[in-house]
Participant: 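Would you mind keeping the following structure in view while I ask a few things?
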2 protein chains.
Amino acid sequence: MTESVPDIIVSRLPVYLRALQRMSDNGITTTSSQELGEKVGISAAQIRKDLSQFGEFGKQGTGYYIPFLIDKLRAILKVDRIWDVVVIGMGDMGHAIVRYQGFSNRGFQVAMCFDSDPDKIGQQVGNFTIRDVKDLAKDVREAGVKVAMLCVPARFAQEVTDKLVESGVRGILNYAPVSLSVPESVKVQHIDPAIGLQRITYYI
Amino acid sequence: MTESVPDIIVSRLPVYLRALQRMSDNGITTTSSQELGEKVGISAAQIRKDLSQFGEFGKQGTGYYIPFLIDKLRAILKVDRIWDVVVIGMGDMGHAIVRYQGFSNRGFQVAMCFDSDPDKIGQQVGNFTIRDVKDLAKDVREAGVKVAMLCVPARFAQEVTDKLVESGVRGILNYAPVSLSVPESVKVQHIDPAIGLQRITYYI
DNA sequence: TAGATTGTTAATCGATTAACAATC
DNA sequence: TAGATTGTTAATCGATTAACAATC
């Protein structure tokens, strides 16, 4: 087994990838650790060290060839494919996520969405019909979906999480403002705007 | 000047506060570093060390009195008041944010919202009328708003950011999938669901 | 009092930076 | 070749953990 890479390094790779894709979109084909570092606010030494965990992707004297580095990072992060994602909770946030156009070129697509409200079940959101959360376990398992975005109210978040885990989901992007408990084999990332704002006001 | 507190400690305080408020809502009045740590997934020693940066908030033998600790954390994070927030970009995400009910008891309220689309300007979203982004600088400065949530497409994010900074905004919660460059005096936090998802798929 | 838990110190662990030989 | 920039090593810096006296 390969020596495991620190989480903190893994967490920076998507930021590098996003910046590289943007440069690529702008027609730029090579960059240096220096230049990339300035764009993302990270030191050049750190970027070189992070990348060197996974291979030798650059050339002395000329830096990194962007299309090649993008391919490598996509493979490392496993977004050299398209992951189906399930969205649970069709409030305003769930709606916005299902209709969001920005996932597809970054490795993800919404595959199905759920709610528990009888008035919402059967309604159309973007290209999807809202399904009954009662069918969540069955539908997720049958479709083999491994990634979920959780947009339900805080009080329902843990019970839905348990159902997702039981159905084979391996990662959850949690929009509910509450910590979730999951087995070690499941990865959770949190999005809570109020926490983001409180991390700002401390410094004002 | 007080010895400055590491960013990483500050970043954990809102997580503690959220868990404590939840416990308080459930009628619990005291907790220990052990119990709080289990809820948020952080070691008891670290919680005690983090809190001790700001004072002695607990009692040996009995732990922490939750209402007292909540008050202290609110004061430290400066959310013992309500901050006006401006939202720029009234797409699906901006809509969801303006209508979100979860800010008010955590220190924030939307004060105004903007878009550049003539079809949207003048429309109603929740209790707000969408304003013309041309008036952004003037309106923000006059109202003295210090915090912004940025929900515009990536290609407009930097120019709007520059306008916000110029108008006295000191913190930006950035939903656009791009790094922003700001003066040191301005704090930025990023929310990018695709980055969250990519931090997950690495481990699957 | 006995048990529990804090705040803090010292030890450990891990991450970042500086520097430079290698080499394109 | 001369200049630029990588990948990597060693040094520095900072964060986490373990342990325990203090004390409620």
Side-chain angles (χ1 to χ4, degrees), chain A residues 2-17 19-20 23 28-73 76 184 199 202-203, chain B residues 2-17 19-20 23 28-73 76 184 199 202-203:
Chain A
T2 309
E3 184 59 20
S4 97
V5 177
D7 284 1
I8 196 160
I9 292 183
V10 174
S11 77
R12 285 190 292 257
L13 301 184
V15 179
Y16 302 160
L17 178 56
L20 291 163
M23 286 190 244
I28 304 169
T29 57
T30 62
T31 190
S32 62
S33 57
Q34 175 75 37
E35 184 183 52
L36 180 57
E38 279 163 16
K39 297 222 194 263
V40 300
I42 289 176
S43 79
Q46 184 151 86
I47 287 175
R48 292 200 302 278
K49 192 120 204 288
D50 287 353
L51 295 177
S52 74
Q53 290 278 328
F54 303 94
E56 307 195 354
F57 302 145
K59 273 206 181 68
Q60 288 99 326
T62 60
Y64 300 91
Y65 181 59
I66 291 175
F68 177 78
L69 187 51
I70 286 175
D71 277 355
K72 290 298 185 183
L73 286 173
I76 292 164
E184 265 193 40
R199 285 173 179 163
Y202 174 85
Y203 296 95
Chain B
T2 309
E3 185 59 19
S4 97
V5 177
D7 284 0
I8 197 162
I9 292 183
V10 174
S11 77
R12 285 191 290 259
L13 301 184
V15 178
Y16 302 160
L17 178 56
L20 290 163
M23 286 189 244
I28 304 170
T29 56
T30 62
T31 190
S32 63
S33 57
Q34 175 76 36
E35 184 183 52
L36 180 58
E38 278 163 17
K39 297 221 193 262
V40 300
I42 290 176
S43 78
Q46 183 152 86
I47 287 174
R48 293 201 302 277
K49 192 120 206 287
D50 286 354
L51 295 177
S52 74
Q53 289 277 329
F54 303 94
E56 308 194 353
F57 302 146
K59 272 207 181 67
Q60 287 99 325
T62 59
Y64 300 91
Y65 180 59
I66 291 177
F68 177 78
L69 186 52
I70 286 175
D71 277 355
K72 290 298 184 181
L73 286 173
I76 292 164
E184 265 193 40
R199 286 174 178 163
Y202 174 85
Y203 296 95

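Every value quoted in this text rests on a predicted model; they were computed, and no experiment measured them. Within every chain, numbering begins at 1; the chains are lettered A, B, ... in the order of the sequence lines, protein sequences first and strands thereafter. Heavy atoms only: backbone and side chains are in, while hydrogens, waters and symmetry mates are out.
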Participant: Under the salt bridge (charged side-chain N to carboxylate O under 4.0 Å, His left out) test, which residues partner A:Asp71, sequence neighbours left out?
Facilitator: none
Participant: What residues form a side chain to side chain contact (heavy atoms under 4.5 Å, CB included) with B:Phe54, not counting sequence neighbours?
Facilitator: A:Tyr202, B:Val5, B:Ile9, B:Leu13, B:Phe57, B:Ile76
Participant: Kindly express the pairing pattern of DNA chain C in dot-bracket notation, using | wherever a base pairs with another strand and counting only Watson-Crick or G-U pairs under 3.5 Å.
Facilitator: ..||||||||||||||||||||||
Participant: Just how far is it from atom CD1 of A:Ile70 to atom CD1 of A:Ile66, taken to the nearest 0.5 Å?
Facilitator: 6.5 Å
Participant: Taking only residues two or more places apart in sequence or in another chain, which ones pass side chain to side chain contact (heavy atoms under 4.5 Å, CB included) with B:Tyr65?
Facilitator: B:Thr29, B:Thr30, B:Pro67, B:Phe68
Participant: What integer distance in Å separates B:Gln34:CD from C:dG3:P?
Facilitator: 19 Å
Participant: Residues two or more places apart in sequence or in another chain: which of them pass salt bridge (charged side-chain N to carboxylate O under 4.0 Å, His left out) with A:Arg12?
Facilitator: A:Asp50
Participant: Do the side-chain N or O atoms of A:Tyr64 get closer than 4.0 angstrom to the phosphate oxygens (OP1, OP2) of D:dG7?
Facilitator: yes
Participant: According to side chain to side chain contact (heavy atoms under 4.5 Å, CB included), who are the partners of A:Ser52, at least two apart in sequence or on a separate chain?
Facilitator: none
Participant: Would you tabulate the pairs of protein nitrogen or oxygen atoms and nucleotide nitrogen or oxygen atoms of nucleotides 9-13 of chain D closer than 3.5 angstrom?
Facilitator:
none

Participant: Which whole-number value in Å describes the distance from A:Phe54 CZ to D:dT8 C1'?
Facilitator: 16 Å
Participant: For D:dT16, take OP1 and OP2 only and decide whether either is under 4.0 Å from a side-chain N or O of B:Ser43.
Facilitator: no
Participant: Out of A:Thr62, A:Leu20, A:Ile47, which one pairs with A:Thr31 under the side chain to side chain contact (heavy atoms under 4.5 Å, CB included) rule?
Facilitator: A:Leu20
Participant: How many whole angstroms separate atom CD1 of A:Ile9 from atom P of C:dA15?
Facilitator: 7 Å
Participant: Decide yes or no for A:Leu36 and A:Met23: does some side-chain heavy atom of the first lie under 4.5 Å from some side-chain heavy atom of the second?
Facilitator: yes
Participant: Would you sort out whether B:Tyr203 and A:Val10 count as a side-chain contact (heavy atoms from CB on, under 4.5 Å), showing the intermediate values?
Facilitator: CA-CA 9 Å; B:Tyr203 296 95; A:Val10 174; 3.6 Å; yes
Participant: Residues in side chain to side chain donor-acceptor pair (under 3.5 Å) with A:Arg48, at least two apart?
Facilitator: A:Ser33
Participant: Measure the distance from CD on A:Gln46 to P on D:dT6 and round it to the nearest whole Å.
Facilitator: 15 Å
Participant: More 5' along DNA chain D: A:Gly61 or A:Ser52, using each one's nearest nucleotide?
Facilitator: A:Gly61
Participant: What integer distance in Å separates A:Leu51:CG from C:dT16:P?
Facilitator: 14 Å
Participant: Under 4.0 Å: is that the gap between some side-chain N or O of A:Arg12 and OP1 or OP2 of C:dA15?
Facilitator: no
Participant: Could you list, one pair per line, each protein nitrogen or oxygen that sits under 3.5 Å from a nitrogen or oxygen of nucleotides 19-21 of chain D, together with the distance?
Facilitator:
| residue | atom | partner | partner atom | Å |
| --- | --- | --- | --- | --- |
| D:dA19 | N6 | B:Arg48 | NH2 | 3.2 |

Participant: What's the closest nucleotide to the side chain of A:Glu56 if the choices are D:dT8, D:dC24, C:dT16?
Facilitator: D:dT8
Participant: Roughly, in whole Å, what's the span from CG in B:Asp7 to P in D:dG14?
Facilitator: 12 Å
Participant: Looking at every non-hydrogen atom in both residues, tell me the closest pair between A:Pro14 and A:Ser11 and how far apart they are.
Facilitator: CD-O, 3.5 Å
Participant: Tell me whether the side-chain N/O atoms of B:Ser33 come closer than 4.0 Å to OP1 or OP2 in C:dT6.
Facilitator: yes
Participant: I want to confirm an ordering. Mapping A:Pro6 and B:Ala44 to their closest nucleotides on DNA chain C, which one lands closer to the 5' end?
Facilitator: B:Ala44
Participant: In this structure, how many angstroms lie between the C1' atom of D:dT6 and the NZ atom of A:Lys59, rounded?
Facilitator: 11 Å
Participant: Return each pair, listed once, that meets salt bridge (Lys or Arg N to Asp or Glu O under 4.0 Å) where at least one residue sits in residues 30-42 of chain A; pairs must be two or more places apart or across chains.
Facilitator: none
Participant: May I have the distance from A:Asp50 (atom CG) to C:dA15 (atom P), rounded to whole angstrom?
Facilitator: 10 Å
